[in-house]
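Everything below concerns the one structure shown next.
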Amino acid sequence: MVAGPGARPGGALTEGASGSAPSTESSGGPGGSPLLELSNVEVTYSGVILVLKGINIIVPERGCVALLGPNGAGKSTTLKAVSGVLKTEEGLVSAGQVRFAGERIDTLAAERTVRRGILHVMEGRKVLEHMTVEQNLVAGGHLQRSRDAKESLELTYEYFPRLADLRGRTSGYLSGGEQQMLVIGRALMARPKLMMIDEPSLGLAPLMVEEIFSILHRLRQEDLALVIVEQNTAAALALADYGYVLDNGRIVLDGTAESLRSNEDIREFYLGLGATGERKSFRDIKHYRRRKRWLG
Amino acid sequence: MIQLIEYALNGALLGLLYALIAMGFVVIYRASKVFNFAQGELVVVGAFLVWFFTLDLGLPLYVGFALALIGAAIFGLIIEPLLFRRLVGQSTFSMVMVTIGLLILLRGLVLVIFGPSVRPFPDLISTAPITFGDITLNRGLAYGGIFTILLAIGVSLYFSRTRPGLRMTVVAEDHQIAQSMGISVRRSIAYAWGMGMVLSTLGAVFYLNGKSVTFLVAEIGFAALPVALLAGLESVGGLIPAGIIVGVAQGLAAGYIDPVVGGSFSAVFPYLVMVIILFLRPSGLFGWRIVERV
Amino acid sequence: MSMQPAGVFAQSYVRDMAIFRTWKQGAALGFFVLALLLVPTILGPRYVAIANIMLITSVVVLGLQITTGLAGQVNLGQAAFMGMGAYTAAALSSGQQWPFLVTVPLAGLVAALFGAIFGLAAVRIRGFYLALTTIAAQFIFVFAILNLPASWTGAAQGLRVETASVFGFVFNTDNRMYFLILAITAIMTVGAYGIARSRHGRAFVAVRDDDLAAGFTGVNVVRAKATAFFVGAFYAGVGGALWAYYIRFVAVDQFSLFNSVYYMGMVIVGGLGSMAGAFVGVFLIRAAQEILTSVGPSVADIFPALGSSVVFASVNIILGAAIALMLILEPRGVMHRFNILKRAFRLWPYPH
Amino acid sequence: MQPATASQPTVADRVPSPALSAEGLSLSFGGVKALQDVAMELRKSELLAVIGPNGAGKTSLLNCLTGFYRPQQGRVVLDGDKVISGLPTHKIARLGVSRTFQGTHLFTGMTVLDNIMIGRYSHMRTNLAQAFLYVPWTRREEVQHREFVEDIIDFLEITTVRKRVVGELGYGLRKRVDLARALAMEPSVLLMDEPMAGMNLEEKEDLARFILDVREARGIPIVIVEHDMAVVMDIADRIVVLDFGRKISEGTPAEVSGDPVVIKAYLGEAH
Amino acid sequence: GGGDEDSGGDAGAGGTTYNQAWLVDFSGPYADVYNELQAAREATNEWWNETVGSEIGVQLAGEPYDHRYDAAQVASLWPGILSELEPIMAMGVGGPDVAALQQRLPQDQVPLLMNTAGYGYAWSADQWVFNPRATYAHEATGFVDWFKEDRGLDRPVRVAMISSEAAPAYVDIVDGMEAFAEDFPDMAEVVAVEFADVQPAALNSQVSRIVDAEADVIIIQTNTTQAVVTKQALESLGVEIPIMLSSHNSLQATGAAAGGIEELEGDYESYGFVVPAAQEGTAYDFYQMLVEDYGLEAEWTVPTVQGIAHQLYANRTVEHAVEMVGAENLTGQAMYDALLDVELTAEDLFEFLPPLDWTEEAPFPTSGLTTSIGTIEDGEYARAELDHEIPELEKW
Ligand SMILES: Nc1ncnc2c1ncn2[C@@H]1O[C@H](COP(=O)(O)OP(=O)(O)OP(=O)(O)O)[C@@H](O)[C@H]1O
Ligand SMILES: Nc1ncnc2c1ncn2[C@@H]1O[C@H](COP(=O)(O)OP(=O)(O)OP(=O)(O)O)[C@@H](O)[C@H]1O
Ligand SMILES: CC(C)C[C@H](N)C(=O)O
Ligand SMILES: [Mg+2]
Ligand SMILES: [Mg+2]
């Protein structure tokens, strides 16, 4: 039986799991001094559509947090609420607070949060489509001194040799996966303190997925705090110290990566493992699953 | 033959003037993705500032001119907080439409502040013509032409070589991406309008040198439009060839076609040239091509 | 967007697709129509005149709502298209003595064909480039009218127009014209809704939102764009014909680029893509203009020191500021805000 | 369902004319060779997967099949005899080739329902004049096609969002609407570009089921481009592997996953 | 406003009040003209109300309406004016008024008295539009006629025209001149017609064509800017060809915009009312009186003259109408009849306008037309000719 990476338990990738104090209670959040803290965050779109209904999330310094959950749960919205991009989509943090390094940031404009060191890689492969790959990357380093920017560029090419091959290409014409590498590469150029990536593995070939995650592991070694939204739950929980499961705008489950990996529901619905630990074939699923509604 | 050369040369100079006015558009578009319908009005404001600081206040010409440029820059900078601040993040389309409001508003403001009279415009450049043998050229336009070429090179370099230029380019690509990269869309828009106003004022100087100014001068905005499109809305450098093409075409049409058809075909001709070239190159000579990818 | 009133569950697709889904909505429409019919009786002639101009403008703006609002093709040639219609109606009514009921659709058709040319330019040209190409329509229109044989177009002289008459009934007063214009506006409005919710309307929106994907779903994109221009210009042409019959004189300078810009403004203020928004936009901007021009003299009387020239020039300031302000406060147009409010009201008190 | 047993494609297998086939496709952009002499065929009611590293040319291949890219060489044949390469996309779509997109290309300003109704566009006949008057016949046609679309909505379980504007939906739901729109076209061939991307496991399972059902219930042959190997290996009948624009391998899942060339280029040594 | 609610007016302090609608261009292309023009109308009206009106039991109230020189704006304003103001007459100022109203006035029964010259395209019988001047083309041909005499030419005057296609009226002027040249080949020959932008950046090519065509005079009746730019082109080509201007781009206005009236040495203007060159004479005295007694804030310029002339003519006609129907019974119809019937002398009009005689055949007097010509001589504004007779033109 051929197993795709989606089914592979984190084993090979666990070396990054940090030693931050694990908390088994689902309300505790990860330990360590908080770098980012969302408390009771509510988000409304267009002034009427309540999408996040009181979210509490803590990301410690150098920590890594994974957000899981079904489509439409509000994962991307959570990231947008932190980075301030929400404001450009008629969204509003209508209650609660977002704090970064102790200061409130929910009222800041998106570009200001970046200057404080938060970088949000949005979903949808948002490349600067008329610019070349290299121009995209250089633009990504626009806040750094030019020597540092040059260094970062070298480093990025080292991380993504493929991008070096493509440096002169107009980014709008790249393939989906190539664009995905580019947006992550561009984010690295900014050398943020906290990076939030929406579905890093989206559209990447299996080898590239491994690449990306090993890059993320490396980054974790370098003082970078991470929030990732990821459907590749195994890889995500291998990388993260702590995870939150969102559904319908609420956090329905949270805990350390380890505790989540052993949670029965997670095993069944996110890792696709039966009680025996064996994965079922996609071909054999005869009925649509009754979607598990978390009523936390 | 001499006549042909004269038509072509005069046309080219006029085209370069259009290019300078169009540079106001392009800079604003290139740095904020806002297509500015009020470009002609900006030229009027610039022109009246020059008139005000020189002839009206009676300051020495170049002092007055310098003050006018500063005034223009300040005026450009305050447009962003007044009009665009709340719109950042909205579709650029609504920003573009706001410029229509701005157009109407500025027209009223100019009328109220400077009045409807036709005012003399100072001779910042000698009005004596330049003559080469049988050919005479308008000195203001000739100097303007040279200035426009140099300026276009400078502004292009600014966009391609400097950090602020790079940031503005990113803003022109996509406001949301720019913000998510830590680039202030607002600041970019503000600077763009500041630059646009200064360019418009310079345009006004070469346009009106030794002539007169009224709020109706705004018409030049729409006359300069084909040049901006032909160049490609993102291309500053392209304005030079585009200006020359449009100007020469118009000059020759006025010289040889208008007398035959007995109407002002030369007024339509630049648009026809523009449409034809756009058919061949849908994003102008040097504009960003639309990326079509699925 | 279209959240339904609580408790309304469509029993059939027909009901679900209807524009008016409850008897209350139907009744509201009934009252509205009744009010419109009573305008000449209740309000004075001044308002009838304003209403006439508003209705004519609405027809033109409805067309723009189709080209720009639905199909996303920014069009700054609408005034020129309107002019084509007006000239057609004028030439046919005075020169050929053709009856109103024939000239109006023909005017629409001529304008539509002129418009479709610009739609075809959309084969290659897109976005702002296309928008600005449509400005060429303006210059071509003026040049053509002035330089075509004067016996057709009157050239610089303009053309006189006969009074409209339908089956011998002559529409020679503002009040009579009101009913005629109202009737045609009603037909055009129903038509606009029809097109908007048919496969064509959907294809227009598809082309607006993503023309590549539209092609993959079987929509002939070029044709859809040309059709959008065709339909939009048809409305302009019909509006132009009404204008011709109402003013009874046409000249090129009645259809200026500035008007096209204003029409765009009305579409935006009302809300892109919303047919009701077309009316709202026309109403708000026209009303603002009317109020300002009629309040102007009184202000000048009250503050003679200002001088009437200043007062009138300020009208532009106020109008410009008002347009800008409306867009700043609600960039997606009044109808968008209205829909949000409606939705909020339905959800209240449970923001869900 | 096709037996999942291994079998080298032989001449005998090709006798029933393939639903869709491509021969000698070459496509380049300036110096970039996106496809080089690629041949493939999709048999009747087959589920064919196309895999390969990023930038291998998978999307470009679908783009050639749907007429969005015009290959410099080679041709695409539908139903064994209709040459469709060279036709514009909307004509090919009307001949029954429909697709979904990598990322999404939905009409974000329209409701879910209208997005799917667009799929019915070329099956409907109302002309402009009829639409203007909204004649009873037009209304009847709308209802009739609405019923068809509602079936698909039920099938894909998006009933609750049918009146939502697509721009407000999250990524996962959009992918489903994308599929619904393609199905509404009643395609004779369905091409899917990374349908599973951005879905969690549970959703992938559902979608895998949908895809298999589409193939089984409607007998539509499907080409699926996908990076999730677990899914591909489980549901594909055959797999074509591209790398740097060339076809480097082809065969049943078992064959391909054992092919060292594929492992090196794509799957990684761990497999 | 000062409008009355009941038709027929109401008896106020000085008598029954009637309304006049003043159309004005405060924000369109001729806004530069209308400040003074409107001030002059107001002062004149005030004078009339106090002196004449109160004697005959009539007070006239005017309301200004800004039409921005836009026919569409006039068309939408007008019905409102009708119902709100119930004017006995409208006072127009340009092409758009005529374009928008000419057709409907007979029905509305309100005469429109213009202060501008007429247009060939409005030349038709049974009009409710009245221009106290001929057409612009007439005024130009009158000038050409004078010019030929003045220069003692024994060949036709070689006329060049700079105009624009931006408004029908501009084109009409050219058409009229061409028709004139055709009818009177010994008087004029149109050697060049240049249609240019209304706000041109340069007219060098156009003017050099005119120079090549050896024109004797350049006629520019469009606007001040075209005149200024033409002057600049002439200067830069080092040629001197006189230009002829109209009332709305007069020597004074063009001079002010060009930096001094002396720049226009040897140039001309031509229009059908008094040239405000001399600061003396009956007209000037009347103006002085308005300045001193009625606070008129306007220079002694063409627009001022135009405004006074306009208002005087209108109000003198009211006097005649009162004679015809009585102070209580003024209506639009009565004004119309009075306009056709009245015979005002130059004295009645303080020499602002020559005597005029309207008939029903055209919106302007078709016989006995005259034009006055102003010029700059030795740096001074001067009257070159008063009331020069205009040759009779056929309708074009
Ligand atoms: N601009 C918007 N206006 C209104 N509703 C929105 C908007 N954007 C998102 N939503 C709604 O908010 C909810 C959460 O969306 P979000 O994109 O955060 O989900 P997600 O968890 O990231 O899902 P996915 O996995 O599909 O990306 C969804 O129900 C979506 O429909
Ligand atoms: N229109 C285009 N212009 C220029 N290059 C292109 C164009 N389309 C594709 N390419 C290039 O062709 C190559 C193949 O792209 P394609 O999108 O087909 O890859 P893919 O196999 O779908 O990759 P992914 O899995 O990342 O989506 C890429 O290198 C891409 O950059
Ligand atoms: C020459 C003319 C068009 C100008 C003048 N003000 C008029 O309209 O009568
Ligand atoms: Mg998401
Ligand atoms: Mg791809």
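The chains referred to below are lettered A, B, ... by the order of the sequence lines, with proteins before strands, and numbering in each begins at 1.
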| request: Below 4.5 Å from any heavy atom of chain B, which atoms of A:I118 appear? Answer side chain, backbone, both or neither. | output: neither

| A:A139 portion near chain B, given a 4.5 angstrom heavy-atom threshold | both

| said: Between B:F25 and B:V227, is there a side-chain heavy-atom distance shorter than 4.5 Å? | reply: no

| query | Looking at A:R115, A:E129, A:Q135, which has the largest count of heavy-atom pairs under 4.5 Å with chain B? | reply | A:E129

| request: With the side chain counted from C-beta on, respond yes when B:T169 and A:M131 share a heavy-atom pair under 4.5 Å apart, and no when they do not. | output: yes

| query | Can you find a pair of side-chain heavy atoms, one from B:R167 and one from B:Y191, that are under 4.5 Å apart? | reply | no

| query | Hey, is A:R191 close enough to A:E151 for a salt bridge, meaning N to O under 4.0 Å? | reply | yes

| query | Do you know which of A:L174, A:L119, A:N136 has the most heavy-atom pairs under 4.5 Å to chain B? | reply | A:L174

| query | In terms of heavy-atom proximity below 4.5 Å to chain B, should A:K87 be classed as side chain, backbone, both, or neither? | reply | neither

| Measuring heavy-atom distances to chain B, does A:V138 have an atom under 4.5 Å in its side chain, in its backbone, in both, or in neither? | both

| said: Report which part of B:L166 has an atom under 4.5 Å of a heavy atom belonging to chain A: side chain, backbone, both, or neither. | reply: side chain

| request: Evaluate the ring planes of B:F206 and B:F147, with Trp represented by its six-membered ring, and classify them as parallel (under 30°), tilted (30 to 60°) or perpendicular (over 60°). | output: tilted

| note | Ranking B:R289, B:E292, B:Q179, B:R186 by heavy-atom pairs under 4.5 Å to chain A gives rank one to B:Q179

| request: May I ask you to test the A:V85-A:M122 pair for a side-chain heavy-atom distance under 4.5 Å? | output: yes

| said: Taking side chain as everything from C-beta outward and backbone as N, CA, C, O, which of these in A:R116 sits under 4.5 Å from a heavy atom of chain B? Side chain, backbone, both or neither. | reply: neither

| message | Please classify the contact of A:T113 with chain B as side chain, backbone, both or neither, using a heavy-atom distance under 4.5 Å. | response | neither

| said: Determine whether A:Y244 and A:I58 satisfy the following criterion, side chain to side chain contact (heavy atoms under 4.5 Å, CB included), listing intermediate values before the conclusion. | reply: CA-CA 10 Å; A:Y244 295 86; A:I58 289 175; 4.2 Å; yes

| field | Part of A:S171 within contact of chain B (heavy atom distance under 4.5 Å) | value | neither

| query | Quick one: are the ring centres of B:W193 and B:F75 less than 6.0 Å apart? | reply | no

